[in-house]
J.: 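Please see the structure below; I have some questions.
Quick note on labels: first sequence line is chain A, next is B, and so on, each numbered from 1. Both backbone and side-chain heavy atoms feed into the values below; hydrogens, waters and symmetry mates do not.
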Amino acid sequence: MNNQQSGKEAILSTANNLRWEVGENFHDTLMESIYLNASDITKRAVTLPAEKETISWEQKIDRILTSRYLGFPIMFLILGVVFWVTIVGANVPSSLIASLLLDTVHPALKSFSAAIGLPFWLDGVLIDGAYLSMAWVISVMLPPMMIFFPLFTLLEDFGYLPRVSFNMDSLYRRVGAHGKQALTMAMGFGCNAAGVVATRVIDSPRERLIAIITNNFSLCNGRWPTQILIATIFIGAAAPAYIAGIVSAAAVVFIAVLGIVFSLIVSWGLSKSVLKGEASAFSLELPPYRPPRVLRTLYTSLIDRTIFVLWRAIVFAIPAGIVIWLVGNITVGGESVGNIFMNWVNPFAFILGLNGVIILAYIIAIPANEIVIPTVLMLTVMSLGLTGVGEGSGVMFQLDSAFATKDILVAGGWTLLTGINLMLFSLLHNPCSTTIYTIYKETKSVKWTMISTFLPIVMGLIVTFFVTQIWRLIAQN
Amino acid sequence: MSLNANNCEVCPIHNAGNLKRLGIDMSNFDFVVALAGNPNTGKSTVFNNLTGLKQHTGNWPGKTVTRAEGGFEFNNSKYKLVDLPGTYSLLSTSTDEEVARDFILFGQPDVTVIVADATRLERNLNLILQILEITERAVLCLNLMDEAERNKIKIDERMLSKDLGIPVIPTVARYNKGMNELLNSIYEVATGKYICQPHRLKSKSRELNFAVEKLSKMLLKEFPNLPNVKWVALRLLEGDQSIIDSIRNGELGKIYSGDKKKLEMEQAV
C-alpha cells in the first residue's frame, strides 16, 4: 500500500522535475508544429479557386441577418410569419379532428360501454377520463404542431438558429453570462430538458449554472401549442377579424421575446449576486447555409417532434385524465374534491387574474406541459357540471373548432385577462418534472434544482399579480 | 484473370446490400468504431446513414453533447458505432469535449473515423493530427464535398492520404454519397487489410521525447494496460490537474485499465 503510494508520488515528482527540463513553452511548440504540419499538408493537397470571390452570397445574407439594426426586426418578422402560418393553418384540421374524436367517437364509446354494461366508475375513468383527455390532446395540439415543427426545423436546417444566437450573444455577454447561452436558449425552444443538457458546451461552472436556471424561460414544444391556442381564441378574437391571425401571431412572438428578456434579466441578477464573475470569451462558428432537404425535414420533424410530443402528451394525459375524473367524482360532504380545492384557491387565483381551474391544472400537469390545456378544459367542464359534453345525448357544446374551446372557457368565467395571464403563467412557472430531474442530474445539487424550479413560479406570481392589478385599475376608470 | 461484368457484384465497394443497418442492436459486435471530428461536420448524419437510426441532426455546432451508439453489419462483421460530440482539440476542458476525448483516448475504438469539413480542411487538420498522434487505426471521411465543389475547392485525396497515412474517403453524407467506400475502408482498416501509418509530428525536441519516454515507463509500471500512455505523460508534463488527481487517487488505473464496462459507466449520462 505504502509502496504503491510512493510509486504514484514518484511519477508526479519526476514529472515536476522533467517539466523544468523540457521548458515551459513546450506546449506552444507542440501546437506550433501541429499548425505548421497542417498548413504544409493543406498546401500539398488543396487547390483553392484561382480568383477569390470578394464577398460570397452567404456573407451578404449574413450581413443582413446579423446586422446591428436589421438583425432583431428580421428575427421577429420570421418568427411572426411562422406563427401566423401555424395559427391560420391549424384551424380547419383542428375542427375536423375535434368533431371526429369528441362528437362522433366519444358518444359511440359511451353507448358501447352502456350496451355491455360497464360499471359507471370504470366507464368514467376510461372514457370520460382517459379517452377524453387523450382526444383533447390530439385535437387541440396535433394540427398546430404539424405545421409549426416542420417550419421550425426548416429554419434550423437552413442555419438560421446560429444567426439568432449570434445576434443574442453580445446581449448575454453584457449581462455577465456566457455567449453560448444564446445557443442553449435556442435549444430550449425545442425542449428545456435538452437545453439543460446542451449547457455542457459551456466550460465555466458559474456560467453553466446561469444557463441552466434560465433555460426554462425558453418556451418549449409543450408550451408552444398552449400559447398558440390561447392567443388565437382570446387575443386574436379581440381584434378585428381581418387582422386576427396577425395579432395572435404577434402575441406569441411577444411572449417568446418576453421569455428572452426575462432570461437576460435573471442572468444579470444572478451574475451580479450569487453567481458573481466575469463573462468568459469564446468563438462561435457560423455554419454555412445549407439548402434544407424539405421532404427529409418534414419526415424527421414529424417523427422527432410531432409524434414525440404527442406521444408524451398522451402518455401523461391518460393518467391525468384518470386523476381528473377521480377529483371530480370523489366527493366529501356532497362536494367533489376538485371543486373543494378550486373553490379554496379561487380567491388567491383571482388576485393573480387566474382561476382555481388553472392552478389545479398546473399541479396535475407538472409531469408534462403538453397536457395543461386538455386538463384545463376537462376541469372546467367538470366544475361547471357540464356532464352533457359527450354523453351521447344532450351534447351541450359542439366542439368543432378552436372557438368551441373558447365557449367552454368563457362558460368557466374566462376573460381576455385570464387568457393573457395564462400565457404569462405558461411562460413563467416551474419546469416540467423531466426538466427538473435533468437539472438535478446535471448540477448534482438539490439547492440549484430548487432554485431553478421555484424562481420561475415566484416570478410568474409576481408578474400576473401586477398585470392583473394594473388591468383592473385601468378597467375601472 | 478474366474481366467480366460480374466483377462489380463481387466487389465489396459496389455491393450496397452488404450493409445491414442494425439500429440500436449492438449485441456481439466484432469492432468498435468511433466517429470524431470538429463540430458541425456531419458526424451525426454519417451515423444515421450507417445505423439507420434517426439521431437528431441540425445545422449548428454542438448538436450532439453526449455519445450516441448504434450498430451495423458489413461483410459479415458486426460493428458498434459511437457518435461523439464535436471537438476542436483533444487538449480542451469543457464537458462535451471531454466525452469525445476520453473515448478516443481510453475507449480504445478499433477504428476512429474522423469526419472533416472539406471546405475547412486546414482548420480541421488541427484535430486530425492530434488524433493521429494517439491512434494506430483511423479513416478520414472528407465530408461536405458538394460544398467544397460549389466553392471551387479541389482536394487531392491521394496526396492527403499519403501524407496522413490513412485512407481518405470523399463523401456527401447528406445525400448518402460515398458511404459504401467509407464502409469498405472501415472494414479494411478494422480487419488489418489496410495498415495505417499515421502521420506523426516530427518536430518534437529531444528533451521532450526523453521526458515522455521516461514518464511513460514509470506510468506503465504503476498502471499496466494503460492505453495512450504517451498522451498521459504529455499531459502530466503540462501539469494537467485532472490527470494529476487521477494518478494520486488511483482513478487512472481503475477507469482506464482497459475495463470498457467501467469506462462506459463513468460516461453514462
J.: Is there side-chain contact between B:L125 and A:I34, with at least one heavy-atom pair below 4.5 Å?
T.: no
J.: Tell me, for B:K221 versus chain A, whether the close heavy atoms (under 4.5 Å) come from the side chain, the backbone, both or neither.
T.: neither
J.: Can you check side-chain contact (heavy atoms from CB on, under 4.5 Å) on B:E122 and A:V46, steps first, answer last?
T.: CA-CA 9 Å; B:E122 181 161 358; A:V46 179; over 6 Å; no
J.: Can you establish whether the number of heavy atoms outside A:Y437 located under 6.0 Å from its atom OH is more than 12?
T.: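 Incorrect, the count does not exceed 12.
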J.: Could you tell me which residues in residues 142-149 of chain B have at least one non-hydrogen atom under 4.5 Å from a non-hydrogen atom of chain A, sorted by residue number?
T.: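 Within residues 142-149 of chain B, the residues that come under 4.5 Å of chain A (heavy atoms only) are B:L144, B:E147.
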J.: Can you sort out the partners of A:N167 under side chain to side chain contact (heavy atoms under 4.5 Å, CB included), two or more places apart, ordered by chain and number?
T.: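 A:N167: side chain to side chain contact (heavy atoms under 4.5 Å, CB included) contacts with A:T66, A:F72.
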J.: Under a 4.5 Å heavy-atom cut-off, does chain A meet the side chain of B:L219, its backbone, both or neither?
T.: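 Looking at B:L219, backbone and side chain both touch chain A.
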J.: Look up atom CG in B:L220 and atom CD1 in A:I11, then write down how far apart they are to the nearest 0.5 Å.
T.: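 It comes to 9.5 Å.
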J.: Between A:D40, A:L36, A:T42, who has the most heavy-atom pairs with chain B when the cutoff is under 4.5 Å?
T.: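 Highest number of pairs under 4.5 Å: A:T42.
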J.: Which heavy atom of A:A15 sits nearest to which heavy atom of B:L236, and what is that distance?
T.: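 Heavy atoms only, the tightest pair is CB-CG, 3.8 Å.
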J.: Under the salt bridge (charged side-chain N to carboxylate O under 4.0 Å, His left out) test, which residues partner A:E32, sequence neighbours left out?
T.: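 Not a single residue meets the salt bridge (charged side-chain N to carboxylate O under 4.0 Å, His left out) criterion with A:E32.
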J.: Determine whether B:N151 and A:L48 satisfy the following criterion, side-chain contact (heavy atoms from CB on, under 4.5 Å), listing intermediate values before the conclusion.
T.: CA-CA 8 Å; B:N151 292 314; A:L48 292 169; over 6 Å; no
J.: With rounding to the nearest 0.5 angstrom, report the CG to CE distance, A:L12 to B:M218.
T.: 9.0 Å
J.: Looking only at heavy atoms, which of residues 153-164 of chain B get nearer than 4.5 Å to chain A?
T.: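 B:I153, B:K154, B:I155, B:D156, B:M159, B:L160, B:D163, B:L164 fall under the 4.5 Å cut-off.
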J.: Side chain from CB out, backbone as N, CA, C, O: work out which of these in A:I41 comes under 4.5 Å of a heavy atom of chain B, or both, or neither.
T.: both
